[in-house]
Amino acid sequence: MDDLTKRRLVHNEEVFRAINDEVREAHAPPEDGKVAFLCECADRSCTEKVRLAADEYRWVRADPNRFVVAPGHVLPELEHVVERHDGYEVVEKDVRAA
C-alpha cells in the first residue's frame, strides 16, 4: 500500500473520530450506559455503529493512535488489534502509517 493511500485511509478514520466526539458530547447515554458511536474504520462508506460506554470511549481516545472499529473492520496494513470486546475492537495505528 503506497503512502498516499495510507494517509487517505488514516484521514477517513480521523473524520469518523471527530464525529464521534461530537456525538459523545451532545448525547447523554441511555439507561444501559452504552452510546452508539460510528465505526472508526478506514472505509468511507461504513455506516456501522458500535456501542460502548462513554468512559470506554474516553479511554480509547486517550491515545491518539487508537480507534474503535466494528469486528472485522481492521485493516492490517495500517493497524493492529489491542483489545477485543463484545461488539467492537480497539485498534492501534502503526505510527509510521499515522
Side-chain angles (χ1 to χ4, degrees):
M1 182 179 301
D2 63 66
D3 286 343
L4 179 60
T5 300
K6 285 182 181 181
R7 284 194 304 271
R8 285 181 180 161
L9 293 172
V10 169
H11 174 74
N12 292 346
E13 293 171 329
E14 290 170 344
V15 168
F16 287 129
R17 174 180 275 178
I19 292 168
N20 282 336
D21 282 342
E22 290 183 27
V23 167
R24 180 175 46 93
E25 292 174 12
H27 296 32
E31 286 183 24
D32 69 356
K34 304 282 183 172
V35 178
F37 292 98
L38 289 173
C39 174
E40 297 175 343
C41 72
D43 181 357
R44 289 173 92 177
S45 64
C46 179
T47 59
E48 293 223 22
K49 298 204 176 42
V50 293
R51 293 182 51 79
L52 60 153
D55 287 345
E56 293 170 318
Y57 187 72
R58 273 193 290 279
W59 176 84
V60 173
R61 291 287 287 123
D63 184 327
N65 291 318
R66 285 192 201 134
F67 294 82
V68 61
V69 300
H73 288 217
V74 178
L75 191 59
E77 296 87 358
L78 289 178
E79 59 210 8
H80 62 278
V81 177
V82 294
E83 287 193 8
R84 285 186 168 82
H85 297 270
D86 186 28
Y88 72 94
E89 296 178 341
V90 177
V91 297
E92 189 170 279
K93 296 285 159 239
D94 175 349
V95 288
R96 291 168 291 160

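Every value quoted in this text rests on a predicted model; they were computed, and no experiment measured them. Note that the numbering runs from 1 along the sequence shown for the chain.
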Please write out which residues are connected to Val69 in a hydrophobic cluster, directly or through intermediates, given that two of Ile, Leu, Val, Met, Phe, Trp, Tyr count as joined at side-chain heavy-atom separations below 4.5 angstrom.
Phe67, Val74, Val81, Val91

Once rounded to the nearest 0.5 Å, what's the spacing between atom [atom1] of [X] and atom [atom2] of [Y]?
{"X": "Leu75", "Y": "Asn12", "atom1": "CG", "atom2": "CG", "value": "10.5 Å"}
{"X": "Tyr88", "Y": "Lys34", "atom1": "OH", "atom2": "NZ", "value": "6.0 Å"}
{"X": "Lys6", "Y": "Glu77", "atom1": "NZ", "atom2": "CD", "value": "8.0 Å"}

Flag the pair Val35 / Tyr57 as yes when at least one side-chain heavy-atom distance between them is below 4.5 Å, and no otherwise.
no

How about Asp94 and Leu78: do any of their side-chain heavy atoms sit closer than 4.5 Å?
no

Nearest heavy-atom pair of Cys39 and Ala70: which atoms, and what distance?
SG-N, 3.2 Å

Taking all heavy atoms of Cys41 and all of His73, pick out the closest pair and write down the distance.
SG-ND1, 3.5 Å

Among pairs that include at least one residue of residues 35-46, which meet salt bridge (Lys or Arg N to Asp or Glu O under 4.0 Å), considering only residues two or more places apart or in two chains?
none

Using side-chain hydrogen bond (donor to acceptor under 3.5 Å, both in side chains) as the criterion, list what pairs up with Asp2, not counting sequence neighbours.
Thr5

For Glu89, enumerate each residue passing the side-chain hydrogen bond (donor to acceptor under 3.5 Å, both in side chains) test, keeping only those at least two apart in sequence or located in another chain.
Arg84

Among all residues two or more places apart in sequence or in another chain, which pass the side-chain contact (heavy atoms from CB on, under 4.5 Å) test with Glu83?
Trp59, His85, Val90

State which residues pass side-chain contact (heavy atoms from CB on, under 4.5 Å) with Ala36; sequence neighbours excluded, sorted by chain then number.
Lys49, Arg51

Is the number of heavy atoms from other residues, nucleotides or ligands within 6.0 Å of NE2 (His11) greater than 12?
no

Transitive ILVMFWY side-chain link Leu9 to Leu4, under 4.5 Å
no

